[in-house]
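Counting from 1, the numbers follow the sequence of the chain as shown. Quick note: numbers below take in every heavy atom, side chains included, and nothing from hydrogens, waters or symmetry partners.
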Amino acid sequence: CVLAGKKQQNRAWRQRRADCLRDECAGIPEDENDDCVDKCVSPKCYNEIYAAEPLEPGEVDRKRRNLFTTCTRNEQEEERKRDLEEKRKAAEEKR
């Protein structure tokens, strides 16, 4: 079900974000940590969207935020498909 996949993606993204907030970005004030969190959540998407012109602490850029969110969702979907393909291949090898 597509909806279940989206829920799972959102849960995975929230967990990854929470891990970044707790670990890598813990010492940065919440209103200034978006750059750190984004870099931690998805280095690939961060490099594509923000690396050339990083956000200033507290800066909001809705256009780039939307691009980043789309990029991370696509990245998670690709990851999910890879995992499913690996599981399918492993199941075939057991036969």
Side-chain angles (χ1 to χ4, degrees):
C1 176
V2 172
L3 188 57
K6 292 277 185 208
K7 277 186 173 182
Q8 193 172 16
Q9 273 185 322
N10 287 337
R11 188 177 313 123
W13 182 84
R14 282 193 309 270
Q15 183 61 52
R16 191 176 296 174
R17 188 176 194 292
D19 292 345
C20 291
L21 285 167
R22 183 187 62 243
D23 300 330
E24 197 168 318
C25 305
I28 302 170
E30 188 176 339
D31 61 339
E32 298 178 1
N33 69 0
D34 288 339
D35 197 55
C36 178
V37 172
D38 290 344
K39 198 181 297 183
C40 175
V41 166
S42 175
K44 175 186 170 278
C45 293
Y46 177 87
N47 286 333
E48 287 179 23
I49 309 299
Y50 293 114
E53 190 179 333
L55 292 174
E56 297 293 323
E59 179 184 357
V60 176
D61 183 332
R62 292 187 195 284
K63 181 180 179 185
R64 290 196 292 167
R65 168 60 49 204
N66 290 338
L67 290 171
F68 182 80
T69 300
T70 300
C71 181
T72 58
R73 284 186 180 149
N74 291 339
E75 187 178 53
Q76 288 175 342
E77 181 61 20
E78 290 169 12
E79 199 173 295
R80 187 183 71 81
K81 285 179 181 178
R82 263 193 316 273
D83 289 347
L84 287 172
E85 183 63 21
E86 287 174 13
K87 287 178 185 176
R88 185 187 65 75
K89 285 181 180 178
E92 284 180 3
E93 289 174 4
K94 287 184 179 180
R95 291 182 195 172

Glu85: which residues meet the side-chain hydrogen bond (donor to acceptor under 3.5 Å, both in side chains) condition with it, sequence neighbours left out? Arg88
Scan residues 72-95 for pairs that pass ring pair (Phe, Tyr, Trp, His ring centres under 6.0 Å), counting only residues two or more places apart or in two chains. none
Gap between atom CG of Asp34 and atom CZ of Arg64 - 0.5 Å precision: 11.5 Å
Grouping ILVMFWY residues whenever side-chain heavy atoms fall under 4.5 Å, the cluster of Val37 otherwise contains Trp13, Leu21, Val41
Salt-bridge present (Arg80, Asp83; N to O < 4.0 Å): no
State which residues pass side-chain hydrogen bond (donor to acceptor under 3.5 Å, both in side chains) with Gln76; sequence neighbours excluded, sorted by chain then number. none
Sequence neighbours excluded, every pair satisfying ring pair (Phe, Tyr, Trp, His ring centres under 6.0 Å) that has a member inside residues 56-95: Tyr50-Phe68
Checking salt bridge (charged side-chain N to carboxylate O under 4.0 Å, His left out) for the pair Asp19/Arg22: CA distance, chi angles, key distance, verdict? CA-CA 5 Å; Asp19 292 345; Arg22 183 187 62 243; 3.1 Å; yes
Would you mind listing every ring pair (Phe, Tyr, Trp, His ring centres under 6.0 Å) that reaches into residues 14-44, with sequence neighbours excluded? none
Test side chain to side chain contact (heavy atoms under 4.5 Å, CB included) applied to Thr69 - qualifying residues, sequence neighbours left out: Arg65, Arg73
Side chain to side chain contact (heavy atoms under 4.5 Å, CB included) filter on Glu48, not counting sequence neighbours, yields Lys44, Cys71
Excluding sequence neighbours, so at least two apart, what forms side chain to side chain contact (heavy atoms under 4.5 Å, CB included) with Arg82? Glu78, Glu79
Within a 6.0 Å radius of atom CD on Glu92, are there more than 12 heavy atoms belonging to other residues, nucleotides or ligands? yes
Return the SG to CD distance between Cys20 and Gln15, rounded to the nearest 0.5 Å. 10.0 Å
Mind checking what makes side-chain hydrogen bond (donor to acceptor under 3.5 Å, both in side chains) contact with Thr72, not counting sequence neighbours? none
Would the pair Cys40 and Cys25 meet an SG-SG distance criterion of under 2.5 Å? no
Using the side chain to side chain contact (heavy atoms under 4.5 Å, CB included) criterion, which residues pair with Glu32? Sequence neighbours excluded. Ile28, Pro29, Pro57
The criterion is side-chain hydrogen bond (donor to acceptor under 3.5 Å, both in side chains); which residues satisfy it with Asp35, sequence neighbours excluded? Tyr46
